[in-house]
Amino acid sequence: PGLCSAEYTWNHPVFNDNCCEGKMDVTYIFENSDTSITTILTETILSANGVIDLDGTEFTRIFDVGKTTVIYTLTDQYGNESECSFMVTVLDTEAPTFPFGCQDISVTLLPGECFYSYPNVPRHVDNCGLASYEFCNSNGVALDVSQLPIGNNIVIFKVTDIYGNVASCS
């Protein structure tokens, strides 16, 4: 909760080849179709000279919301390659929140006034980012809060985050 990412822990594969020597790289291909962000990062897990030797070790990485394909490429000393991969999918299912809620207000109009203009947008936050907000009435119809008529008005404030999670308060 509160994060736009998640930790995942796994073990790197163990290099095993009939020729005994080689190298292993891991490539992370990240894609987020909602934000159109794509990144590619390649790291060496096992170097041919053995200076880097992380094969078989436990590893923890933080993954952002989206899909990351983790591809291991093993290359033996003669250039023969083998690959294995898995995908990590991180979803944002956390709706926006209203830290201070929505407060009822009472207004006394001045002589000659026939409507009230609601001055505030309730404070709202989200773990990944907000996309839009709107005011509507109790029937879900969009409401112009700059022209609230005399009488009781139920104003519903609805906010949507970049992943489609919706929250409301009234």
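Quick note: numbers below take in every heavy atom, side chains included, and nothing from hydrogens, waters or symmetry partners.
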*From CA spacing to verdict: side chain to side chain contact (heavy atoms under 4.5 Å, CB included), Asn165, Glu94*: CA-CA 7 Å; Asn165 301 303; Glu94 187 174 343; 5.5 Å; no
*Evaluate the side-chain proximity of Val88 to Thr69: yes if any heavy-atom separation is below 4.5 Å, no if none is.*
no
*Taking the six-membered ring for Trp, are Phe98 and His124 parallel (under 30°), tilted (30 to 60°) or perpendicular (over 60°)?*
tilted
*Looking at residues at least two apart in the chain, or sitting in another chain, which of them share a ring pair (Phe, Tyr, Trp, His ring centres under 6.0 Å) with Phe59?*
Trp10, His12
*Does the side chain of Phe115 come within less than 4.5 Å of Pro149's, by heavy atoms?*
no
_Is there a side-chain contact between Leu109 and Ile150 in this structure, where contact means two heavy atoms from C-beta onward sitting under 4.5 Å apart?_
yes
_A quick test of your reading: do over 12 heavy atoms of other residues, nucleotides or ligands sit less than 6.0 Å from CG of Asp17?_
yes
*State, with a plain yes or no, whether a side-chain heavy atom of Tyr28 is found less than 4.5 Å away from one of Ile40.*
no
*When hydrophobic residues are tied together by side-chain contacts of less than 4.5 Å, even through go-betweens, does Val26 share a cluster with Ile71?*
no
*Heavy-atom closest pair, residues Cys102 and Pro122*: SG-CG, 3.7 Å
*asked:* Taking Leu110's backbone N and O only, do any of them form a donor-acceptor pair with Glu113's side chain (distance below 3.5 Å, no angle check)?
replied: yes
*Determine, using the 4.5 Å side-chain heavy-atom cutoff (strictly less than), whether Val159 and Val65 are members of one ILVMFWY cluster.*
no
*Any chance you could measure Ser170, atom OG, to Gln103, atom CD, to the nearest 0.5 Å?*
11.0 Å
*Atom pair CG (Asn153) and CD (Gln147), whose distance is rounded to the nearest 0.5 Å*: 11.5 Å
_For Asn49, I'd like to know if atom CG has over 12 heavy atoms of other residues, nucleotides or ligands within 6.0 Å._
yes
_Shared-cluster residues of Ile62, by chain and number - hydrophobic side chains joined below 4.5 Å_ = none
*Between Thr27 and Leu41, is a side chain to side chain contact (heavy atoms under 4.5 Å, CB included) present by the stated rule, with each step listed?*
CA-CA 6 Å; Thr27 302; Leu41 171 69; over 6 Å; no
*Could you give the distance from CD (Glu21) to OG (Ser47), rounded to the nearest 0.5 Å?*
11.0 Å
Side-chain polar contacts of residues 132-139 - donor-acceptor pairs under 3.5 angstrom, sequence neighbours left out - could you list them?
unit_1	atom_1	unit_2	atom_2	d
Glu134	OE2	Lys158	NZ	3.1
Asn137	OD1	Asn139	N	2.8
Asn137	OD1	Gly140	N	3.2
Asn137	OD1	Val141	N	3.1

*Would you please indicate if the ring centroids of Phe30 and Phe63 are separated by under 6.0 Å?*
no
*asked:* Within the structure provided, determine whether Asn80 and Thr75 are in side-chain contact (heavy-atom separation under 4.5 Å).
replied: no
*Evaluate side chain to side chain contact (heavy atoms under 4.5 Å, CB included) for Ile162 paired with Thr35, printing each intermediate quantity in order.*
CA-CA 8 Å; Ile162 62 174; Thr35 62; 4.1 Å; yes
*Determine yes or no for a side-chain-to-main-chain donor-acceptor pair under 3.5 angstrom, with Asp144 supplying the side chain and Ser146 the backbone.*
yes
*Supply the atom-to-atom distance Glu43 CD to Met24 CE, rounded to the nearest 0.5 angstrom.*
12.5 Å
*Asp55 to Pro13 - nearest heavy-atom pair and separation*: CB-O, 3.2 Å
*Find out whether the Lys NZ or Arg CZ of Arg61 is both under 6.0 angstrom from the six-membered ring centre of Tyr8 and within 45° of the ring's axis.*
no
*Considering non-hydrogen atoms only, spot the tightest contact between Val166 and Ala95 and give its length.*
O-CB, 3.7 Å
*Give a yes or no on whether Ile154 and Tyr116 share a hydrophobic cluster (residues Ile, Leu, Val, Met, Phe, Trp, Tyr; joining criterion: side-chain heavy atoms under 4.5 Å apart).*
no
*Can you measure from OH (Tyr78) to CG (Asn18) and round to the nearest 0.5 angstrom?*
9.0 Å
*asked:* Within the structure provided, determine whether Cys4 and Asp92 are in side-chain contact (heavy-atom separation under 4.5 Å).
replied: no
*Any side-chain heavy-atom pair from Pro96 and Leu130 closer than 4.5 angstrom?*
yes
*Nearest heavy atoms of Cys128 and Asp126, plus distance in Å*: N-OD2, 3.0 Å
_The test is side chain to side chain contact (heavy atoms under 4.5 Å, CB included); show your working for Asp64 and Asn32 and say whether it passes._
CA-CA 9 Å; Asp64 291 330; Asn32 184 315; over 6 Å; no
*Can you tell me how far the CD atom of Glu31 sits from the CE atom of Met87, to the nearest 0.5 Å?*
7.0 Å
_Asn127 and Leu3, any side-chain heavy atoms less than 4.5 Å apart_ = no
*asked:* Is there a path of hydrophobic side-chain contacts, each under 4.5 Å between heavy atoms, that joins Ile105 and Leu148?
replied: yes
*Give a yes-or-no answer on whether the side chains of Asp25 and Thr42 include a donor-acceptor pair shorter than 3.5 Å.*
no
*Identify whether Tyr72 and Val14 are in the same connected component of the hydrophobic contact network (ILVMFWY, side-chain heavy atoms under 4.5 Å).*
no
*Of Leu74, Asp53, Leu54, the residue whose pairing with Leu46 passes side-chain contact (heavy atoms from CB on, under 4.5 Å)*: Asp53
